[in-house]
Student: 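Supplied in C-alpha cells, the structure appears directly below.
Just the heavy atoms: all of them, side chains too, but no hydrogens, waters or symmetry mates, feed the values below. Each chain gets a letter, A, B and so on, in the order its sequence line appears, and its residues count up from 1.
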Protein chains: 2
Amino acid sequence: MGRVKVQKMPTIRRLPTYLYRLNEMRKEGTSIVATPELARYMDIGEIVVRKDLSITGVTGQPGVGYKIDELIAAIREFLGWNVETKAVLVGAGSLGSALIGYDGFEEYGLSIIAAFDRDPAKAGTVMRGRPVIDMVELEGFVRNHKISMGILCVPAAVAQDICDIMVKSGIRSIWNFANVALKVPADVIVQREVIAGGLALLSVKRLRHFAETDDEEE
Amino acid sequence: MGRVKVQKMPTIRRLPTYLYRLNEMRKEGTSIVATPELARYMDIGEIVVRKDLSITGVTGQPGVGYKIDELIAAIREFLGWNVETKAVLVGAGSLGSALIGYDGFEEYGLSIIAAFDRDPAKAGTVMRGRPVIDMVELEGFVRNHKISMGILCVPAAVAQDICDIMVKSGIRSIWNFANVALKVPADVIVQREVIAGGLALLSVKRLRHFAETDDEEE
DNA sequence: CGGGTTTAGATATTTATGTATCTAAATCTT
DNA sequence: AAGATTTAGATACATAAATATCTAAACCCG
Ligand SMILES: NC(=O)c1ccc[n+]([C@@H]2O[C@H](COP(=O)([O-])OP(=O)(O)OC[C@H]3O[C@@H](n4cnc5c(N)ncnc54)[C@H](O)[C@@H]3O)[C@@H](O)[C@H]2O)c1
Ligand SMILES: NC(=O)c1ccc[n+]([C@@H]2O[C@H](COP(=O)([O-])OP(=O)(O)OC[C@H]3O[C@@H](n4cnc5c(N)ncnc54)[C@H](O)[C@@H]3O)[C@@H](O)[C@H]2O)c1
C-alpha cells in the first residue's frame, strides 16, 4: 500500500459499491474480475476504476484482471472494515429503525448494538433484535461497552444536545443524519449525511433534460 | 440567471442544506443573511458559499448580505422544487417506510402519494397516511396519476425488474436506494443513493486521525 | 508458434472544484 | 461627515478529479 492519500472523496465513496458487487460475484463463484466489467457496473470510466482500486494497494494482472478475494480483503482493510466497529444509534424513529435492522452494515464491520430514545413508549422495547434504551443510560452504556461510533437520527433541533452527550461519553466518530452542522472538539469526526442532496441532483438533471429536449433552436 | 452550468455536483448537493437553514432562519424572523454565517453553518469557505448561491441567480448587497426570501425562492426554482413532483415508492420495507412518512420532502416539492409492495401482508394497508398497494396495480396507477418519479427501496436483486416496470409505465426519474446500476433508456434519469458511501468516508477519516495521533516520529 | 486482443499501470492532459486577491458598495463608529 | 469595517462579486490562481495516451504483460485464436 504505497501511499495513503486521503483527499479523494469520490473514490472512497465508491469503495462500498465495489465491495458490494465483488461480494456478490464471489457468491456467484467468480474469482477474477477485469476493469471493464466493474466500470459498466459502476457506470464510470475504466481508468477511474483502476485508479480507485489502486489506492487499496492491490495489483492486477495485465490481460487478466484482479483477484476478487484480494480486492475484497484490501478494500475492507483500507476502510478499516475488517475489524468490528461498535456503534449506538440515538433516535429510534422512522429513519433510525430502518438503519438499526439493516443487514448490510454487518458486511461493513458496523455493529449497531443498541438504540436510545427519549420516548418512554420506546425505551425498554426491542427493535429488530436490538434493545431500545432510555437516554439517561446512554453515557454509562457507551463507557461500559467501549462504543466508538454514534449514529444520530434525532430531529435537527436536538441533534447538538445529543452530540454533546456522545462526545462527553467518549464517542469520537459521529454519523449524522440530521441536517445540522455539529460543533465538536477537534478530535471528533463527524460525517453529515444529506439524503436530500441526491434528490436535488436528480431534480436538476431532470430540468436540464427537459430544457434540452425542449429547445431545438439553440 | 445568467448561465445554467449543470456539472457542479457538489454545489447542487449543498443547496438543500442552504434551503433547510434559510427556512429555519425565516421561521425565526430573520430576513437578511450574510455569507460568513452560512459558511459557518455549512462548514465550508465563504467564497464557496457565494459561488454556490450565485448559480441560482440571486444577487446580494455588498456590506449587507442576501434577502432570505429571495434566496429561498431562487433555490426552490433552480431545483424545480417550486412545483410539486408526484412520486411512487416501491418497497415498503424498513427504508421505504422511513421515506414515505418523512415530512421534510414536502418542503422539497416531493409528494410520495403511494407505496407499492409485493408482500400481500402489506398491500391494502395504510402506512403513515399513504396507501400501500399491490404491485400489479403499479403501472395503471402511474399512468392514471401522471406520476413522474419513482423511488426504489427494494432489495438489489429485484431492483432492475421494478425499474423496468417503472420505465414502461412512463416514469422518467428514478431515485434508487438499491446498490445496483440500473439499465435504463437514455431519456430516463437515475440517481443512485449509496448511504454506505458516507460510512466509508467516516471510517477513513477516523483511520487517518488515528494514524496522525499515533506516529510522532514521522 | 505468431499475430491479434485484452488489460493493468504509468504518465500526461483536461476539466472541475475550491481558494485567494482585489474592488466597490453599504454600514458602522466616532 | 470621515475613516474603518463588513461584505458581494469579479478575476485570477491552486488543487482535486476525471480522462486520454502509451507501454508491456498475459491471453486467445488459428
Ligand atoms: N425519515 C427520513 O426518511 C429521513 C430522511 C432524511 C433525513 N432524516 C433526518 O433524520 C432525523 C430523524 O428523522 P425521522 O424521520 O426518523 O424522525 P422521527 O420523528 O421518526 O424520529 C425521531 C426520533 O428521535 C427521538 N427523539 C426526539 N428527541 C430526542 C431526544 N432529545 N433524545 C433522544 N431521542 C429523541 C424521537 O422520540 C423519535 O423516536 C431527522 O433529523 C431527519 O431530518 C430523515
Ligand atoms: N434499511 C436501510 O437502512 C438501508 C440502508 C441503505 C440501503 N438500503 C437499501 O434499500 C433497499 C431496501 O432495504 P430495506 O432494509 O428496506 O429492506 P426490506 O427487506 O426491509 O424491504 C424491502 C421491501 O421490498 C419488498 N419487495 C421485495 N421484492 C419486491 C418486489 N419484487 N416487488 C415489490 N416489492 C418487493 C419487500 O416486501 C419489502 O417490503 C435495499 O436495496 C437496501 O440495500 C437500505
Student: Quick one: which protein N/O atoms are closer than 3.5 Å to N/O atoms of nucleotides 19-21 of chain D? Pair and distance per line, please.
Tutor:
residue : atom : partner : partner atom : Å
D/dT19  : O4   : A/K51   : NZ           : 3.2

Student: Applying side-chain contact (heavy atoms from CB on, under 4.5 Å), can you list everything that pairs with A/A39, at least two apart in sequence or on another chain?
Tutor: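 Residues passing side-chain contact (heavy atoms from CB on, under 4.5 Å) with A/A39: A/E46, A/V49.
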Student: Using atom CD of A/E46 as one end and atom C1' of D/dC22 as the other, report the distance to the nearest whole Å.
Tutor: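 The answer, rounded to whole Å, is 15 Å.
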Student: Whole angstroms only, please: what is the CG-C1' distance between A/L53 and C/dA10?
Tutor: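 Going from CG in A/L53 over to C1' in C/dA10 covers 16 Å.
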Student: Got a sec, which residues hit ring pair (Phe, Tyr, Trp, His ring centres under 6.0 Å) with B/Y41, two or more places apart in sequence or on another chain?
Tutor: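 B/Y41: no ring pair (Phe, Tyr, Trp, His ring centres under 6.0 Å) contacts found.
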Student: Tell me every residue that passes ring pair (Phe, Tyr, Trp, His ring centres under 6.0 Å) with A/Y66, counting only those two or more places apart in sequence or in another chain.
Tutor: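 A/Y66: no ring pair (Phe, Tyr, Trp, His ring centres under 6.0 Å) contacts found.
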Student: Would you say the side-chain atoms of A/R13 pair up with the backbone N or O of B/L201, donor to acceptor, closer than 3.5 Å?
Tutor: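 No; zero donor-acceptor contacts below 3.5 Å.
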Student: Please determine whether a side-chain nitrogen or oxygen atom of A/R14 lies at a distance below 4.0 Å from atom OP1 or OP2 of D/dA18.
Tutor: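 For A/R14, the contact criterion (side-chain N or O under 4.0 Å from OP1 or OP2 of D/dA18) is met.
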Student: Show every ring-ring contact (aromatic ring centres under 6.0 Å, His included) that has at least one partner inside residues 155-178 of chain A, sequence neighbours left out.
Tutor: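 Listed once each, the pairs are A/F105-A/W175, A/W175-A/F177.
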Student: Can you list everything that forms a side chain to side chain donor-acceptor pair (under 3.5 Å) with A/E37? Sequence neighbours excluded, please.
Tutor: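 In terms of side chain to side chain donor-acceptor pair (under 3.5 Å), with neighbours along the sequence ignored, A/E37 is linked to no residue.
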Student: Rounded to whole angstroms, how far apart are CD on B/E70 and P on D/dA8?
Tutor: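 Interatomic distance, CD of B/E70 to P of D/dA8: 13 Å.
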Student: Which pairs, protein N/O on one side and nucleotides 25-30 of chain D N/O on the other, fall under 3.5 Å?
Tutor:
residue : atom : partner : partner atom : Å
D/dA26  : O4'  : A/P62   : O            : 3.3

Student: Identify every side-chain donor-acceptor pair in residues 83-92 of chain A under 3.5 Å, counting partners at least two apart or on other chains, and give the distances.
Tutor:
residue : atom : partner : partner atom : Å
A/E84   : OE2  : A/S111  : OG           : 2.7
A/T85   : OG1  : B/R206  : NH2          : 2.9
A/K86   : NZ   : A/H145  : O            : 3.1

Student: For A/N176 and A/Q191, test the side chains for any donor-to-acceptor distance below 3.5 angstrom and give the result as yes or no.
Tutor: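 The answer is no; no qualifying pair exists.
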Student: Please report the distance, rounded to the nearest Å, between CG in B/L71 and C1' in D/dA8.
Tutor: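 Value for this atom pair: 12 Å.
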Student: Tell me, which pairs form a salt bridge (Lys or Arg N to Asp or Glu O under 4.0 Å) where one or both residues lie in residues 165-188 of chain A, sequence neighbours left out?
Tutor: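 Residue pairs passing salt bridge (Lys or Arg N to Asp or Glu O under 4.0 Å), neighbours aside: A/E139-A/K168.
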Student: Any residue in residues 30-40 of chain A with a heavy atom nearer than 4.0 angstrom to DNA chain C? Just list them by number, or reply none.
Tutor: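 The stretch gives A/A34, A/T35, A/P36 as the residues lying under 4.0 Å from the strand, ordered by number.
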Student: OP1 or OP2 of C/dG9 versus the side-chain N and O atoms of A/Y66: is any pair under 4.0 Å?
Tutor: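 Yes.
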Student: Name all residues meeting the side chain to side chain donor-acceptor pair (under 3.5 Å) criterion together with A/D161; count only those two or more places apart in sequence or in a different chain, and write none if there are none.
Tutor: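 Side chain to side chain donor-acceptor pair (under 3.5 Å) check on A/D161 returns nothing, list empty.
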Student: Specify the separation, in whole Å, of atom CE of A/M9 and atom P of D/dT15.
Tutor: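 These atoms are roughly 18 Å apart.
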Student: Which residues pass the side chain to side chain donor-acceptor pair (under 3.5 Å) test with B/S173, sequence neighbours left out?
Tutor: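 Testing B/S173 for side chain to side chain donor-acceptor pair (under 3.5 Å), a comparison that skips the adjacent residues, returns none.
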